[in-house]
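In each ligand, atom 1 is the first atom listed, and ligand 1 is the first ligand listed. Because the structure is a prediction, the values reported are computed rather than measured.
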Amino acid sequence: MNASPASAALDLVRDCLPAERPVALHEPRFKESAWEMVKDCLDSGWVSTVGSYVDKFETMLADYTGARRVIATVNGTTALHAALLLADVQPGDEVICPALTFVATANAISYCHATPHFVDSARDTLGLDPLALDGQLERVAEKRGGVCYNLQTGRPIRAVVAMHTFGHPVDLDTLAEVCSRWNLVLVEDAAESLGSLYKGRHTGRIGRIATLSFNGNKIITTGGGGALMTEDEELGHRAKHLTTTARVGSGWLFDHDMVGYNYRLPNLNAALGCAQMADLPRLVEAKRRIAGRYAEAFRNEAGVSFATETTNSKCNYWLNAILFEDPAERELFLRLSNDERIITRPPWRLMHELPIYSGCPRMALPVAEYLAARLANIPSSPHLGMD
Ligand SMILES: *Cc1c(COP(=O)(O)O)cnc(C)c1O
């Protein structure tokens, strides 16, 4: 009798992994330099909102990504909130995002008292499908006085948040063209794609503004942390202002010239970030090595395939993913693998299936539904790819 696709896939995954159990989905390992920098931060007493590590971390991120300005924040969700405010999202607006994403993407839209509008994903990039978006706008939207309106709800559609799923860049050129034609601000949620390139350019540099996350499970972590990226110096300046309680002045007397947010990354967290930034190229290489191993293992497997990068992109393979033809086999695979403490996970629940977002405007979502029922994330910690 032939093995089921689920147990065959588990055999292939197991062969790519070391013998110890459990094998985490994604866990960080810290080098000596991390201890040293955090200790230096403690010794100096500058652990909080003032200190040199935040500036240094921002500069390292800008150098690595090529972004003109980077502003570090307390986490990726707050970075998204600030990004949408900076994209001029107003209460009562709609903002487009994929249904297949982490809940933070949709939540940040809600924080602005705007409504998420869910669009479908693409099979190859796993991210927002620009052609599906264009089709949905053709069906429901109209441009009036330079503003895109949803004719079914009467609300302005202000922006699009694209998310680079598991590190795979969306089709950014086509998306940017669609956004500019409909007068929509493009925001990139690059929380998962630090180290991923689209046509040789770091993700997060095509949109007007982009966000990163340094949560514990991301490719580098500051414990908790995030960042805003932009090519626009003036917008970068406003981003800093908005995320540092809109403070103006110097010396000992400060004013606050608008209602700002206390979203600045603490120096202690930034110290951890600096230590890992030095290691990032090695981490990306290690992750691509693991992905190469999985890709080779699944090359000729029936009923299940490995999600590889598209021709336009270089993926950081933050979380490796396999796709089953049969959803029942995906369920079986999740159960069998977790039973033997090889940690695997399905993707997020689709946003429109969450009761909090079930009433939001959306198009038909056949690809997002297909993917959500068939994808499984498999162990992806960088140390698995280090010799
Ligand atoms: C991790 C992540 C975020 C941000 O998460 P934080 O925990 O707030 O840093 C946002 N969007 C996506 C898609 C993510 O994966």
Gly76-ligand 1 polar pair, N/O distance under 3.5 Å: yes
Passing candidate, side chain to side chain donor-acceptor pair (under 3.5 Å) with Asp93, options His113, Arg158, Arg155, His117: Arg158
Parallel, tilted or perpendicular, as decided by the 30° and 60° cut-offs, for the rings of His168 and Tyr317: perpendicular
Closest approach of any protein heavy atom to atom 3 (C) of ligand 1, naming residue and atom: Ala191 CB, 3.6 Å
Numbering as shown, the atoms of ligand 1 that approach Gly225 to under 4.0 Å (heavy-atom distance): 9 (O)
Those atoms of ligand 1 less than 4.0 Å from some heavy atom in Ala104: 10 (C)
Ser213 neighbourhood, listing ligand 1 atoms whose heavy-atom distance to it stays under 4.0 Å: 1 (C), 4 (C), 5 (O), 6 (P), 9 (O)
Shortest protein contact, atom 8 (O) of ligand 1 (heavy atom only): Thr77 OG1, 2.5 Å
Path from Phe102 to Trp318 over hydrophobic side-chain contacts below 4.5 Å: yes
Flag for Tyr263-His81: side-chain donor and acceptor within less than 3.5 Å: yes
Centroid separation Phe214 to Phe57 less than 6.0 Å: yes
Side-chain donor-acceptor pair present, Asn377, Thr344, cut-off under 3.5 Å: no
Donor-acceptor side-chain pairing of Ser52 and Asp55 below 3.5 angstrom: no
Nearest candidate to atom 1 (C) of ligand 1, where distance is taken over non-hydrogen atoms, out of His164, Lys218, His81, Glu192: Lys218
Ligand 1-proximal atoms of Asp189, by part, heavy-atom distance under 4.0 Å: side chain
Non-hydrogen atom of Ala79 closer than 4.0 Å to ligand 1: no
